[in-house]
2 protein chains.
Amino acid sequence: MVELETPQLNSIFHALGDATRRSMLQVLAEGERTVSQLAEPFDMSLAAASKHIKVLENAGLIRREVRWRTHVCHLEPSPLATAHDWLGHYENFWTNRLDILDRLLRDEDERAANSKKGNDK
Amino acid sequence: MVELETPQLNSIFHALGDATRRSMLQVLAEGERTVSQLAEPFDMSLAAASKHIKVLENAGLIRREVRWRTHVCHLEPSPLATAHDWLGHYENFWTNRLDILDRLLRDEDERAANSKKGNDK
DNA sequence: TTCTAATTCAACCATATTGTTGAATGTAGT
DNA sequence: ACTACATTCAACAATATGGTTGAATTAGAA
């Protein structure tokens with residue numbers, strides 16, 4: 001049950017790997033925005049911004065509601081939660097230093113027993 | 001203090017956006033591994049795996065210790081924590097539904113006050 | 001119908017990414 | 001000096017990504 005959601009994670013992390021898109025998400029955290037509102041802060045064509053928005057949409061990070069002739073986007077938090085959960089799987093490694101030490105020592109033992117066992121004591 | 005770490009996040013999220021690399025991190029969570037050990041499960045050349053490892057290394061997600069003639073890699077948790085923190089910034093959106101409702105309402109008000117104020121009451 | 005606005009589509013270009021293969025590097029053992 | 005091993009480097013190819021511009025779409029307003 002560890003890596004079943006691989007394809008989702010690919011698109012989610014890929015979408016997050018671009019500063020423009022992360023910035024768009026931050027704006028959307030303050031409330032819904034139209035495509036042109038999302039595009040406005042960036043020094044790029046509307047078509048380019050539209051592509052970024054589509055990447056976010058394909059990753060499931062935002063949803064779009066076609067309202068009148070404008071497309072209103074809003075944050076969809078569940079993929080963020082999925083990514084957050086995946087990272088949380090590693091939480092012990094940065095919070096509980098004893099845990100990582102324990103793992104490293106356990107691994108040392110294993111390797112020592114496996115390869116050469118002449119140097120101990 | 002919200003988006004100061006942008007360049008790091010670019011490389012971190014980009015590195016995480018590939019299933020091969022995430023899989024390598026999962027193996028490294030069990031203990032250190034050499035380059036060839038990391039490459040072994042994958043149906044690709046050693047050179048290709050070496051490139052993946054370099055991507056992880058450049059993102060700071062792993063560190064490498066040249067031990068004898070083998071390169072031993074181990075997990076470096078801090079960038080994972082950075083990414084986790086960034087995502088945690090959105091935690092309210094998937095845990096506390098009241099919060100998101102609050103935000104949306106606040107935004108509604110703001111927008112209503114800003115554009116046309118003829119429809120209220 | 002025609003005008004205008006918001007957005008996408010299509011074609012294109014430059015660069016990045018991911019993979020390949022074969023040669024090069026560095027180091028220990030013989 | 002030679003061999004064997006672990007890894008990287010270099011050159012190349014295929015595909016993906018991120019940007020551009022100009023035309024197409026869509027739908028209300030005049």
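Reminder, nothing fancy here: chain letters follow the sequence lines and each chain counts from 1. Scope of the values below: all heavy atoms of this structure, side chains included, with no hydrogens, waters or symmetry mates. Here the structure is a predicted model, which is why all the values come from computation and not from measurement.
Residues A:Leu56 and A:Glu76 have side chains not in contact (no heavy-atom distance under 4.5 Å, counting atoms from C-beta outward). In this structure the side chain of B:Tyr90 reaches within 4.5 angstrom of the side chain of A:Gln26, judged on heavy atoms. Inter-residue side-chain proximity for A:Leu25 and B:Trp86 is flagged as met; some heavy-atom pair is nearer than 4.5 Å. Side-chain contact between B:Leu80 and B:Leu16 is present, with at least one heavy-atom pair separated by less than 4.5 Å.
For A:Arg69 and C:dT4, the shortest distance from a side-chain N or O to OP1 or OP2 is not below 4.0 Å. Residue A:Ser36 places no side-chain N or O under 4.0 Å from the OP1 or OP2 atom of C:dA6. Taking side-chain N and O atoms only, B:Arg21 has a distance below 4.0 Å to OP1 or OP2 of C:dT18. Taking only side-chain nitrogens and oxygens, A:Ser50 never comes nearer than 4.0 Å to OP1 or OP2 of C:dT7.
C:dG19 atom C1' lies 13 Å from atom CG of B:Leu46, rounded to whole Å. Rounded to an integer number of Å, the gap from A:Leu38 CG to C:dA6 C1' is 13 Å. Between the C1' atom of D:dT8 and the NE2 atom of B:His52 lies a distance of 16 Å, rounded to the nearest Å. Straight-line distance from the CG atom of B:Leu56 to the P atom of D:dT8: 12 Å, rounded to whole Å. In this structure, A:Asp18 places its CG atom 14 Å from C1' of C:dT15, rounding to the nearest Å. Residue A:Phe42 contributes atom CZ, which lies 10 Å from atom P of D:dG19 at whole-angstrom precision. If you measure from atom CD of B:Glu65 to atom C1' of D:dA6, you get 16 Å, rounded to the nearest angstrom. For the pair B:Asn58 CG and D:dT8 P, the computed distance is 12 Å after rounding to whole Å.
The nucleotide whose nearest atom lies closest to any side-chain atom of B:Lys51 is, among D:dA6, D:dT7, C:dT20, C:dT20. Picking from C:dC9, D:dT17, D:dG19 the nucleotide with the shortest atom distance to the side chain of A:Lys54 gives C:dC9. For A:Val35, counting side-chain heavy atoms from C-beta on, the closest listed nucleotide (C:dT8, C:dT20, C:dT18) is C:dT8. When distances run from any side-chain atom of A:His71 to the nucleotides D:dA6, C:dT7, C:dT20, the shortest one goes to C:dT7. Which of C:dT20, C:dT8, C:dG19 sits closest to the side chain of B:Ser45 comes down to C:dT20. Distances from the side chain of A:Ala47 to the nucleotides D:dT20, D:dT7, C:dA28 place D:dT20 closest. Residue A:Ala48 places its side chain closer to D:dT20 than to any other of D:dT17, D:dA6, D:dT20.
Among the atoms of the strands shown, only primed sugar atoms or phosphate atoms (P, OP1, OP2) are found under 4.0 Å from some heavy atom of B:Thr70.
Take the nearest nucleotide of DNA chain C for A:Val72 and for B:Met44: the residue whose nucleotide is more 5' is A:Val72. Mapping A:His14 and A:Asp43 onto DNA chain D by nearest heavy atom places A:His14 closer to the 5' end of the strand.
Taking the six-membered ring for Trp, A:His84 and B:His84 have ring centres closer than 6.0 Å.
When A:Val35, A:Val72, A:Thr34 are each tested for a side chain to side chain contact (heavy atoms under 4.5 Å, CB included) with A:Arg64, only one passes: A:Val35.
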